[in-house]
There are 2 protein chains.
Amino acid sequence: MSDANAQYGFNGKNFPCATELSISLLAGRWKMTIIWKLREDKKRYGELKSSIPGITHKMLAQQLRELEEIGIVRRYVYPVVPPKVEYELTGLGLGLLPILDRLNEWGEHFRLPDREGILSNR
Amino acid sequence: MSDANAQYGFNGKNFPCATELSISLLAGRWKMTIIWKLREDKKRYGELKSSIPGITHKMLAQQLRELEEIGIVRRYVYPVVPPKVEYELTGLGLGLLPILDRLNEWGEHFRLPDREGILSNR
DNA sequence: CGGCATCCCAAATGATACTG
DNA sequence: CAGTATCATTTGGGATGCCG
């Protein structure tokens, strides 16, 4: 029973509404972080990995491949040994940045009190 | 081992970046849809349910409660029999609408070809 | 160095049924 | 009409190891 009214879709995800599709494309655990890290420069796989505390090897590789499939990032492979691979945002990915800025502002509503008070408490 | 650098959080979700928190708050399977449906008027539970094809009773109730907790929707209970409950966007929820518009535009990149051609195919 | 496969667990979602 | 609870299923993500 497929969704006969789906008008927006990508790779098996289908929605009647473009917004829902967008969110579902961005919803992976690390996708936003990765896009964020690539907002200025392209980066090597290892650079990305060490700039994202807590991400696992598997997830970084997997999410990058999904972002690549979607068309948000582009992958450059240098034919050298040992391998060197760089990732950068595509036009589609760059188009996301202003939206992320807005989401960032919206998220300010949930800022937690900082901990200086606790750390310096007496 | 908690994330000592988390600065944005809500109800157990914690991130160092406001954007990531925002996405995680909106990432539920039906949250965007519900917000979208409430963008103009408040609606009764049953209205929402029948306006969202495929959503289950459980998920609608659950996602509504999460949206309420976050502060995106407000719930009005009329003390009548049978029960009558209405939901509407709060100020925080309304603040999301312009962002959703942008995500909607971005999602246009993934519009599928419509099916008139198929349906009217000979 | 970077990619991929496998196994496993936890979280999210769906189906169904019961309640005021 | 609207809300909860329970159980089954699916999905996402973490750990680990092997490969070119």
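Naming convention: chains lettered A, B, ... in sequence-line order (proteins, then strands); numbering from 1 in each chain.
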Using side chain to side chain donor-acceptor pair (under 3.5 Å) as the criterion, list what pairs up with B:K31, not counting sequence neighbours.
B:E66
Does A:S50 have any side-chain contact (heavy atoms from CB on, under 4.5 Å) partners at least two apart in sequence or in another chain, and if so, which?
none
How many angstroms lie between atom CD1 of A:I72 and atom CG of A:L92, to the nearest 0.5 angstrom?
6.0 Å
Assuming nearest nucleotide by heavy-atom distance, tell me which of B:P82 and A:Y87 is located more 5' along DNA chain C.
A:Y87
Who pairs with A:R75 by side-chain contact (heavy atoms from CB on, under 4.5 Å), at least two apart in sequence or on another chain?
A:E68, A:V77, A:V85, A:Y87
In chain order, what residues pass the ring-ring contact (aromatic ring centres under 6.0 Å, His included) check against B:F110, with sequence neighbours excluded?
A:F10, B:W106
Which residues pass the side-chain contact (heavy atoms from CB on, under 4.5 Å) test with B:L94, not counting sequence neighbours?
B:L89, B:L97
Does B:L103 offer a backbone N or O that forms a donor-acceptor pair with the side chain of A:S22 under 3.5 Å?
yes
Using the heavy-atom set of chain A and a strict 4.0 Å cut-off, write down the first and last nucleotide of DNA chain D that makes it in, 5' to 3'.
D:dG13 to D:dG20
On DNA chain D, more 5' by nearest nucleotide between A:P83 and A:H57 is A:H57
Please check if atom NZ in B:K84 has more than 12 non-hydrogen atoms from other residues, nucleotides or ligands closer than 6.0 Å.
yes
Is there a residue in residues 58-79 of chain B whose heavy atoms reach under 4.0 Å of DNA chain D, and which residues are they?
B:K58, B:A61, B:R65, B:R75
Which pairs with one or both residues in residues 20-68 of chain B pass ring pair (Phe, Tyr, Trp, His ring centres under 6.0 Å), sequence neighbours excluded?
B:Y45-B:H57
Can you sort out which residues in residues 19-45 of chain A have a heavy atom within less than 4.0 Å of DNA chain D? Ascending by number, please.
A:G28, A:R29, A:W30
Rounded at 0.5 Å granularity, tell me how far CZ in A:R29 sits from CD1 in A:I34.
10.5 Å
Separation of C:dG14 atom P from B:I55 atom CD1, nearest Å, is 8 Å
Which Ile, Leu, Val, Met, Phe, Trp or Tyr residues join B:V80 in one cluster when any pair of side-chain heavy atoms under 4.5 Å counts as a link?
B:Y76, B:Y78
Rounded to 10°, the helix from C:dC1-D:dG20 to C:dG20-D:dC1 deviates from straight, judged by its five-pair end axes, by 40°
Could you pull out all residues at least two apart from A:K13 that satisfy side-chain contact (heavy atoms from CB on, under 4.5 Å)?
A:F15, A:L21, A:S24, A:L25
Value for CD1 (A:I55) from CD (A:Q63), rounded to nearest 0.5 Å, stands at 6.5 Å
